[in-house]
Amino acid sequence: MMRSNQTAMVTEFFFSGFPQFEDGSLFFFIPLFIIYIFIIIGNLIVFFAVRMDSRLHNPMYNFISIFSFLEIWYTTATIPKILSNLISKQRTISMVGCLLQMYFFHSLGNSEGILLTTMAIDRYVAICNPLRYPIIMTPRLCAQLSAGSCIFGFLVLLPEIAWISTLPFCGPNHIHQIFCDFEPVLRLACTDTSMILIEDVIHAVAIIFSVLIIAISYIRIITVILRIPSVEGRRKAFSTCAAHLGVFLMFYGSVSLMYLRFSATFPPILDTAIALMFAVLAPFFNPIIYSLRNKDMKIAIKKLFCP
């Protein structure tokens, strides 16, 4: 929406990332609503199962519970607005609303990425230095790492969002995506778009750095596990890491498709599919992975419902 004077400035953005939904909004609304409810309930179950079972009060499960808590808010930053757009003809968002959506969505995503890196390091210490693990991963350090992941994740985005809020938006106001994201919004700014490339490089460096740390940790972990003489010992060690590795692959796989393509353009329907995988499907599978592949977690969940 624009004012009609000469210095017209955009005050609202219109989402045009899902034109294929025009005649079947409810067909997409219902499954997305069910998925969202499942994400909320599933992650709440994981969170409370860990908090209420004293046997799970250790660094690994503490990180899992915090990750599940962040997932609830991560999906809440985008899915409710997507749902309202599916049953609304306007499909608009205010400038302030768009900036807030970007800030919370990416801050929570950053916090999750840092937490996944912390979890990989935790598993590395537990498997590669088991005798020193209780000394290194103390409850105090665990709390500091958890809080630090969240605080840094939210602080690091502030300069970027503050900069975007100062940009002039005076041209088209159609965001070619289903939620506010950096690249689609920056393309609408009435300024030099070369800044988009700088944004891409910053995001790419952060993603690649995190992936390298996690990959090196798991390569080292797998090397140590393969040296364990007993089959049962190897199986137990692999089982401990499998859930974390699965979540890592889904999270950073979707992040890479979304943000490591630079100037490459995809067809609109593929762009929407990648965005849905990034914002919806990865969070959908996380509680399933953590509950189904973990014996202790399944016991804790049963105790939660049947004390």
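- Annotation: Phe182 is in aromatic contact with His106 [ring centroid separation under 6.0 Å].
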For side-chain contact (heavy atoms from CB on, under 4.5 Å), just list the numbers for Ser111 and Ile114, CA-CA rounded to whole Å, side-chain angles, deciding distance to a tenth of an Å, and then say yes or no. CA-CA 5 Å; Ser111 299; Ile114 298 166; 5.8 Å; no
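- For the atom pair Phe104 CZ and Leu157 CG, the distance stands at 11.0 Å (nearest 0.5 Å).
- The distance between the ring centers of Phe169 and Phe13 falls below 6.0 angstrom.
- Both Val185 and Leu167 are assigned to one and the same hydrophobic cluster, defined by single-linkage of ILVMFWY side chains at heavy-atom distances under 4.5 Å.
- Note that the CD1 atom of Ile161 and the CE atom of Met102 stand 4.5 Å from one another [nearest 0.5 Å].
- Rounded to the nearest 0.5 angstrom, Cys180 SG and Gln177 CD are separated by 10.0 Å.
- Under the 4.5 Å side-chain heavy-atom criterion for grouping Ile, Leu, Val, Met, Phe, Trp and Tyr, Ile299 is not connected to Phe305 through any hydrophobic cluster.
- Side chains of Glu71 and Asn286: a donor-acceptor N/O pair is present below 3.5 angstrom, by distance only.
- To the nearest 0.5 Å, atom OG of residue Ser84 and atom CZ of residue Phe15 are 8.5 Å apart.
- Between the side chains of Thr76 and Tyr36, at least one donor N or O lies within less than 3.5 Å of an accepting N or O.
- Among Ile41, Ile35, Ile37, the single residue meeting the side-chain contact (heavy atoms from CB on, under 4.5 Å) criterion with Ile39 is Ile35.
- Contact check for Thr75 versus Val280: no side-chain heavy atoms found under the 4.5 Å cut-off.
- Within the model, atoms OG of Ser149 and CE of Met119 stand 10.0 Å from one another, a figure rounded to the nearest 0.5 Å.
- Inspection of the Ser217 and Arg123 side chains reveals no N or O donor paired with an N or O acceptor under 3.5 Å.
- In the displayed structure, Arg132 atom CZ is contacted under 6.0 Å by at most 12 heavy atoms of other residues, nucleotides or ligands.
- When all heavy atoms of Leu304 and Ala49 are compared, the closest pair comes out as CD2-N, 4.0 Å.
- Residues Asn129 and Tyr124 are in side-chain contact: their nearest non-hydrogen atoms beyond the backbone lie under 4.5 Å apart.
- Ring pair Phe38/Phe284: centre-to-centre distance below 6.0 Å.
- In this structure, the side chains of Leu145 and Met137 come closer than 4.5 Å at one or more pairs of heavy atoms.
- Using a 4.5 Å heavy-atom cutoff, the side chains of Tyr74 and Glu112 are in contact.
- For Arg227 against Arg220, the heavy-atom pair with the smallest separation is NH1-NH1, 3.9 Å.
- Ring planes of Phe105 and Phe278: perpendicular class, angle over 60° (limits at 30 and 60°).
- Looking at Gln101, its side chain does come within 3.5 Å of a backbone N or O of Ala77 through a donor-acceptor pair.
- Hydrophobic clustering keeps Ile127 apart from Ile219 (ILVMFWY residues linked when any side-chain heavy atoms are closer than 4.5 Å, directly or through intermediates).
- Checked by atom type and distance alone, the side chain of Ser165 pairs as donor or acceptor with a backbone atom of Ala162 at under 3.5 Å.
- A distance of 11.5 Å separates CD1 of Ile45 from CD1 of Ile40, quoted to the nearest 0.5 Å.
- Counting non-hydrogen atoms of neighbouring residues, nucleotides and ligands closer than 6.0 angstrom, the CZ atom of Phe154 exceeds 12 such neighbours.
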Is there a side-chain contact (heavy atoms from CB on, under 4.5 Å) between Phe67 and Val247? Walk through the geometry before answering. CA-CA 10 Å; Phe67 187 84; Val247 172; 3.8 Å; yes
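- Under a hydrophobic-cluster definition in which Ile, Leu, Val, Met, Phe, Trp and Tyr are linked whenever side-chain heavy atoms come within less than 4.5 Å, directly or via other members, Phe152 and Leu70 are assigned to the same cluster.
- Panel note: side chain Asn58, backbone Tyr61; a donor-acceptor pair is recorded below 3.5 Å.
- Note on Leu188 and Val96: same hydrophobic cluster, where clusters join Ile, Leu, Val, Met, Phe, Trp and Tyr whose side-chain heavy atoms are under 4.5 Å apart, directly or indirectly.
- The minimum heavy-atom distance linking Pro130 with Cys128 is given by the pair CD-C, 3.5 Å.
- The two residues Ser94 and Gly97 have their closest heavy-atom pair at OG-N, 2.9 Å.
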Verify side-chain contact (heavy atoms from CB on, under 4.5 Å) between Tyr103 and Leu99, making sure each step is shown before the conclusion. CA-CA 6 Å; Tyr103 174 67; Leu99 291 172; over 6 Å; no
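- Between Phe29 and Phe33, the ring planes are parallel. Angles under 30° get that label, and only those over 60° would be called perpendicular.
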Mind listing the side-chain donor-acceptor pairs of residues 248-255 below 3.5 Å, one per line with the distance, residues two or more places apart or on another chain?
residue, atom, partner, partner atom, Å
Tyr252, OH, Gly113, O, 3.3
Ser254, OG, Met250, O, 3.0
Ser254, OG, Phe251, O, 2.9

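- Screening Ile175, Asn85, Thr92 for a side-chain contact (heavy atoms from CB on, under 4.5 Å) with Phe14, the sole residue that qualifies is Thr92.
- Under the 4.5 Å side-chain criterion, counting only non-hydrogen atoms from C-beta, Cys142 is in contact with Phe63.
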Met297 vs Val50, test: side-chain contact (heavy atoms from CB on, under 4.5 Å). Steps then yes/no. CA-CA 8 Å; Met297 186 67 77; Val50 172; 3.7 Å; yes
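- With contacts defined as side-chain heavy-atom distances shorter than 4.5 Å, the pair Phe179/Lys81 does not qualify.
- Formation of a donor-acceptor pair under 3.5 Å by the Asn43 side chain with backbone atoms of Ile72 is not found in this model.
- Looking at Tyr133 and Asp122, their side chains do bring a donor and an acceptor atom within 3.5 Å of each other.
- Contact check for Leu158 versus Leu155: side-chain heavy atoms found under the 4.5 Å cut-off.
- Taking 4.5 Å as the limit, some side-chain heavy atom of Asp53 sits within range of a side-chain heavy atom of Leu56.
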